[in-house]
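What you are looking at is a predicted structure, and each value in this text was computed from that prediction instead of being measured. Residue numbers begin at 1 in each chain, while the letters A, B, ... track the order of the sequences. Note that these values count all heavy atoms, side chains included, but never hydrogens, waters or copies made by symmetry.
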2 protein chains.
Amino acid sequence: MVREPLGEEAAAELSRMFKALSDPIRLRLLSLIASHEGGEACVCDLIGPFDVSQPTISHHLKVLREAGLVGSERRGTWVYYWVLPEALAKLSALLQTPAVAAKATG
Amino acid sequence: MVREPLGEEAAAELSRMFKALSDPIRLRLLSLIASHEGGEACVCDLIGPFDVSQPTISHHLKVLREAGLVGSERRGTWVYYWVLPEALAKLSALLQTPAVAAKATG
DNA sequence: CGCCTGTATCGACAGACATCGAAACAAGAT
DNA sequence: ATCTTGTTTCGATGTCTGTCGATACAGGCG
């Protein structure tokens with residue numbers, strides 16, 4: 001990011017992912033999923049901690065899924081969600097560079 | 001993030017920073033500033049690359065500033081902006097953990 | 001002082017988003 | 001088949017956001 005200006009396309013794709021992280025409920029959902037035993041959680045585990053309705057949680061999960069941050073699968077009665085580490089790593093790397101490079105560049 | 005669920009307050013603060021990154025123009029602005037010679041750029045350097053009006057750029061810079069991602073200062077005629085590396089490092093660390101931990105946890 | 005350039009703020013508007021209740025869909029149990 | 005529980009989709013609504021033009025503010029220069 002610090003080496004050369006972001007292109008329009010790259011910026012558009014990345015902004016979609018950051019937008020998915022721009023809601024406190026979605027951040028907490030992601031954290032809940034990531035920190036859940038086995039690295040995955042069913043929707044029923046994710047409703048309790050929040051004060052919003054269940055359809056709203058489902059909506060937020062859909063946003064995370066469409067942003068490519070989580071995967072999901074139905075197993076019998078329940079639907080399970082898990083974090084896609086590559087996606088987060090991509091964002092992390094993008095943000096990490098400037099801090100390091102800024103010190104190097106001075 | 002993967003160790004324990006994000007608290008409400010932490011999620012709220014982080015989501016504000018991610019929200020600032022959730023717009024393609026703001027991402028490109030940040031990248032332009034970070035990659036600019038000397039690590040800082042004046043607004044006049046930042047208007048040309050975009051198809052939006054100057055007030056819109058000014059608005060986006062304000063969003064980045066209020067999110068704590070960039071600093072700014074007026075020097076004579078021009079206003080200069082620079083990236084605040086600690087803020088980006090904070091977000092980067094948050095996103096980096098799950099990827100690493102996911103592999104460790106299996 | 002008045003003028004010009006660079007930047008920020010204001011007011012307005014269209015489009016996007018978070019949220020809800022209701023309803024649809026999926027799958028197991030009776 | 002019918003019921004029940006878990007989850008998603010739909011439609012509506014109020015709020016937020018990106019954008020613009022117009023305008024205000026700041027500072028250098030005649």
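In this structure, A/D23 places its CG atom 5 Å from P of C/dA18, rounding to the nearest Å. Rounded to whole angstrom, the span from the CD atom of B/E73 across to the P atom of D/dG27 amounts to 12 Å. One atom, CD of A/E66, and another, C1' of D/dT9, lie 12 Å apart when rounded to the nearest Å. The CG-P distance, from B/D51 to D/dC20, rounds to 9 Å in whole Å. Atom CZ of B/F18 is separated from atom C1' of D/dT17 by 20 Å (rounded to the nearest Å). What separates CD of B/Q54 from C1' of C/dG6 is a distance of 8 Å, to the nearest Å. Atom CD1 in B/I57 sits about 15 Å away from atom P in C/dT9, given to the nearest Å. Rounded to an integer number of Å, the gap from CZ of A/R75 to P of C/dA26 is 19 Å.
Among the nucleotides C/dT19, D/dT19, C/dA8, the one closest to any side-chain atom of B/V79 is C/dA8. Comparing atom distances between the B/P55 side chain and each of C/dA22, C/dT9, D/dT7 picks out C/dT9 as nearest. Side-chain proximity of B/T56 to D/dT17, D/dT9, D/dT19: nearest is D/dT19. Minimum atom distance to the side chain of A/V43 is reached by D/dT8, of the listed D/dG18, C/dT19, D/dT8. Residue A/R26 has its side chain nearest to C/dA18 when only D/dT9, C/dA18, D/dT7 are considered. When distances run from any side-chain atom of B/K62 to the nucleotides C/dA8, C/dT9, D/dT9, the shortest one goes to C/dT9. Listed nucleotides C/dT19, C/dG28, C/dC20 differ in distance to A/T77; the shortest reach to its side chain belongs to C/dG28.
A/L61 and A/V63 fall into different hydrophobic clusters, where Ile, Leu, Val, Met, Phe, Trp and Tyr side chains are chained together by heavy-atom contacts under 4.5 Å. Taken together through direct or relayed side-chain contacts under 4.5 Å among Ile, Leu, Val, Met, Phe, Trp and Tyr, B/V79 and B/L30 form part of one hydrophobic cluster. Under the 4.5 Å side-chain heavy-atom criterion for Ile, Leu, Val, Met, Phe, Trp and Tyr, B/V70 and B/F50 are members of the same hydrophobic cluster.
Nucleic acid contact class of B/I25 (heavy atoms, under 4.0 Å, all strands): sugar-phosphate only. Across all strands shown, B/H60 has heavy atoms under 4.0 Å from sugar-phosphate atoms exclusively, and none from any base. Residue B/Y81 is in sugar-phosphate contact alone, with no base atom involved, counting any heavy-atom pair closer than 4.0 Å across all strands shown.
Side-chain N/O atoms of A/K19 include one lying less than 4.0 angstrom from OP1 or OP2 on C/dC17.
Between A/S53 and B/D45, the one whose closest nucleotide on DNA chain C sits nearer the 5' end is B/D45. Where A/S58 and B/V52 each meet DNA chain D at their nearest nucleotide, the meeting point lying more 5' is that of A/S58.
A/L69 places none of its side-chain heavy atoms less than 4.5 Å from the side chain of A/Y81.
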Walk me through it: do A/S22 and B/S15 pass the test side-chain hydrogen bond (donor to acceptor under 3.5 Å, both in side chains)? CA-CA 4 Å; A/S22 72; B/S15 70; over 6 Å; no
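Remark: B/K19 does not engage B/E66 in a salt bridge, criterion side-chain N to carboxylate O under 4.0 Å.
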